[in-house]
Protein chains: 2
Amino acid sequence: MPKTGMEPLRRRALIDATISAIGERGALDVTMSQIAGRAGVSSALAHHYFGAKEELLQATMRHLLLELGADLKSALHQANTPRDRVSTVIAVNFSTHQFRAETVAAWLAFYVEAQKSPSMRRLFIVYARRLHSNLMSGLSALLPRADALAAAETIAAMIDGFYIRRALKDGPSDAVSAARLVENYVELRLAR
Amino acid sequence: MPKTGMEPLRRRALIDATISAIGERGALDVTMSQIAGRAGVSSALAHHYFGAKEELLQATMRHLLLELGADLKSALHQANTPRDRVSTVIAVNFSTHQFRAETVAAWLAFYVEAQKSPSMRRLFIVYARRLHSNLMSGLSALLPRADALAAAETIAAMIDGFYIRRALKDGPSDAVSAARLVENYVELRLAR
DNA sequence: TTTTCTTGATTGACGAGTCAATCAAGAATA
DNA sequence: TATTCTTGATTGACTCGTCAATCAAGAAAA
């Protein structure tokens with residue numbers, strides 16, 4: 001155990017434990033003790049750092065969002081053409097890092113939580129907006145505005161759809177074929 | 001209150017109450033008392049008829065599945081061409097009856113529950129299989145086998161995707177534009 | 001020592017499930 | 001007809017377990 005600044009380490013460990021607990025369980029009904037146990041600490045400590053369960057869950061979701069954002073940003077950095085940008089957005093969403101069963105199950109669970117929690121919902125809206133604008137940044141150069149908007153909606157729905165199907169281990173649960181199907185739509189769309 | 005055969009009436013009332021409670025709440029954390037209260041009875045009676053909460057939830061989901069199946073069956077009855085069959089499947093999934101906010105929220109909540117409950121998951125697999133075979137019954141006459149399979153997977157994912165986005169009141173939450181976007185994909189796909 | 005960490009034990013709320021008791025009404029009996 | 005049975009429907013009150021949150025106090029570091 002290093003001495004200085006336990007706080008960031010503990011917070012991170014608790015967030016990771018939250019993701020894996022939710023991912024394994026498939027729902028948010030994990031207890032603070034279970035999460036804390038996975039992180040190797042007591043439930044009291046989790047409360048010490050996060051105050052309430054709700055806050056821990058929000059922090060976890062923010063972390064997921066941040067990770068996705070970072071992956072996306074670095075990947076888009078080397079995408080030059082509009083067409084590349086579209087493919088990059090798709091590829092990142094189905095990258096092995098983002099499409100882990102654990103992560104996907106957590107997303108789904110948070111989706112449900114967002115129904116009740118306004119602040120959780122706000123986070124999802126941020127995510128949806130960013131996805132939309134990233135897609136549009138490529139599509140609007142390739143299609144008339146109305147078509148680009150429709151395509152962005154469709155691609156976003158497909159991504160969510162494949163995520164949910166993955167969570168149930170139904171359909172093409174592997175990232176590669178899911179990504180290929182989305183790409184296929186893009187091709188059809190651009191082929192006029 | 002007629003005395004004869006309260007059972008079917010109560011069971012139905014409790015199932016309806018479950019759907020509306022879950023729909024309003026957006027999650028499965030509704031209590032037996034809340035559900036029973038909505039149905040105008042005591043929680044003890046709900047237990048009397050269904051035994052445990054899990055059973056009530058399963059019965060509710062079975063009811064939803066049955067309704068969807070019935071809608072689909074009657075609609076497919078007057079779909080003659082393969083192309084019609086595809087459109088009918090899409091139309092029914094986005095019909096005002098199936099795409100009610102209440103129903104959609106319930107679906108999403110059950111999706112999550114299926115992660116934990118094997119019997120719940122089995123029900124979803126039934127649903128997925130039926131959707132798939134209904135889509136294939138039209139598509140396989142219109143496309144080479146491999147393409148038809150890909151299209152069916154894609155359409156299924158799009159439907160799920162629009163459902164989830166509707167639950168969050170994000171994207172095109174109205175059934176009409178969602179259905180149009182799916183139809184649009186079908187058109188692109190068939191236009192070779 | 002003073003401050004930062006960390007925990008075991010405890011509390012208070014809440015919810016599922018159980019149970020004994022009531023109610024209403026039709027059937028059987030006198 | 002009047003008077004017991006019988007039975008399904010229904011409930012309020014209770015038990016039992018679970019879990020988030022708190023707290024007082026001990027260990028470790030500064």
Side-chain angles (χ1 to χ4, degrees), chain A residues 1-22 24-61 106 109-110 112-113 115-120, chain B residues 1-22 24-61 109-110 112-113 115-117 119-120:
Chain A
M1 297 273 183
K3 34 223 148 170
T4 42
M6 276 291 105
E7 178 154 354
L9 294 181
R10 294 302 190 202
R11 289 182 75 97
R12 180 55 196 269
L14 283 165
I15 286 176
D16 287 346
T18 304
I19 294 173
S20 90
I22 292 177
E24 188 170 299
R25 192 88 179 179
L28 290 186
D29 64 356
V30 290
T31 71
M32 288 296 269
S33 302
Q34 288 168 341
I35 294 171
R38 266 170 198 267
V41 298
S42 74
S43 73
L45 192 66
H47 275 101
H48 172 67
Y49 283 125
F50 288 94
K53 188 182 183 183
E54 169 92 9
E55 274 180 69
L56 171 56
L57 295 179
Q58 278 180 35
T60 301
M61 184 164 157
F110 281 125
V112 170
E113 181 69 9
Q115 301 274 319
K116 292 180 289 185
S117 160
S119 50
M120 211 66 104
Chain B
M1 298 272 183
K3 170 191 167 161
T4 41
M6 277 289 102
E7 179 155 353
L9 294 181
R10 292 305 187 207
R11 289 183 74 97
R12 180 56 196 270
L14 284 165
I15 286 175
D16 287 347
T18 303
I19 295 172
S20 89
I22 291 177
E24 189 169 299
R25 192 89 178 174
L28 291 186
D29 65 356
V30 289
T31 72
M32 288 295 268
S33 303
Q34 288 169 341
I35 293 171
R38 263 170 201 267
V41 298
S42 72
S43 73
L45 192 66
H47 277 101
H48 173 66
Y49 283 125
F50 287 95
K53 187 182 183 183
E54 168 95 9
E55 274 180 68
L56 172 55
L57 295 180
Q58 277 180 36
T60 301
M61 186 166 156
F110 282 126
V112 170
E113 181 67 10
Q115 301 274 320
K116 291 181 289 186
S117 161
S119 50
M120 211 67 102

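Because the structure is a prediction, the values reported are computed rather than measured. Numbered from 1 within each chain, the chains take letters A, B, ... in sequence-line order. Excluded from the calculations below are hydrogen atoms, water molecules and symmetry mates; all remaining heavy atoms, backbone and side chain alike, are included.
By the salt bridge (charged side-chain N to carboxylate O under 4.0 Å, His left out) test, D16(B) is found to be paired with R12(B), residues two or more places apart in sequence or in another chain being considered. Applying the side chain to side chain donor-acceptor pair (under 3.5 Å) rule to S119(A) yields the partners Q58(A), S117(A); only residues at least two apart in sequence or on another chain are considered. With sequence neighbours excluded, no residue forms a salt bridge (charged side-chain N to carboxylate O under 4.0 Å, His left out) with E55(B). Not counting sequence neighbours, E54(B) has no partner by the salt bridge (charged side-chain N to carboxylate O under 4.0 Å, His left out) test.
One interatomic measurement links the two molecules: CG of D29(A) to P of dT18(D), which rounds to 13 Å at whole-angstrom precision. One can place CG of L9(A) at 9 Å from P of dT6(C), the figure rounded to the nearest angstrom. Rounded to an integer number of Å, the gap from L57(B) CG to dA16(C) P is 10 Å. Between the NE2 atom of H48(B) and the P atom of dG17(C) there is a distance of 16 Å, given to the nearest Å. Per the geometry, CG belonging to L56(B) stands 10 Å off P belonging to dG17(C), to the nearest Å. Distance, L45(A) CG to dT7(C) P: 6 Å, rounded to whole Å. L28(A) has its CG atom 11 Å from the P atom of dA20(D), to the nearest Å.
Minimum atom distance to the side chain of T31(A) is reached by dA20(D), of the listed dA20(D), dT6(C), dA16(C).
Nearest heavy-atom pair across A109(A) and I22(A) is CB-CG2, 3.8 Å. The minimum heavy-atom distance linking V112(B) with A27(A) is given by the pair CG1-CB, 3.8 Å.
Sorted by first then second residue, the salt bridge (charged side-chain N to carboxylate O under 4.0 Å, His left out) pairs that include residues 26-37 of chain A, not counting sequence neighbours, are R25(A)-D29(A), D29(A)-K116(B). Among pairs with a residue in residues 30-40 of chain A, those fulfilling salt bridge (charged side-chain N to carboxylate O under 4.0 Å, His left out) read E24(A)-R38(A), at least two apart in sequence or across chains.
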Would you tabulate the nitrogen or oxygen pairs shorter than 3.5 Å linking the protein to nucleotides 21-23 of chain D?
{"from": "dA21(D)", "atom 1": "OP2", "to": "H47(A)", "atom 2": "NE2", "distance (Å)": "3.2"}
{"from": "dA21(D)", "atom 1": "OP2", "to": "K53(A)", "atom 2": "N", "distance (Å)": "2.8"}

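If you check residues 33-42 of chain B against DNA chain D, the residues with a heavy atom closer than 4.0 Å are V41(B), S42(B), listed by number.
In this model, the phosphate group of dT6(C) is approached by a side-chain N or O of R10(A) to a distance below 4.0 Å at OP1 or OP2.
Heavy atoms of F50(A) sit nowhere under 4.0 angstrom from any nucleic acid atom.
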When the side chains of residues 39-48 of chain B are checked against the rest of the protein, which donor-acceptor pairs come out under 3.5 Å, sequence neighbours left out?
{"from": "S42(B)", "atom 1": "OG", "to": "A44(B)", "atom 2": "N", "distance (Å)": "3.4"}
{"from": "S42(B)", "atom 1": "OG", "to": "L45(B)", "atom 2": "N", "distance (Å)": "3.3"}
{"from": "H47(B)", "atom 1": "ND1", "to": "S43(B)", "atom 2": "O", "distance (Å)": "3.3"}

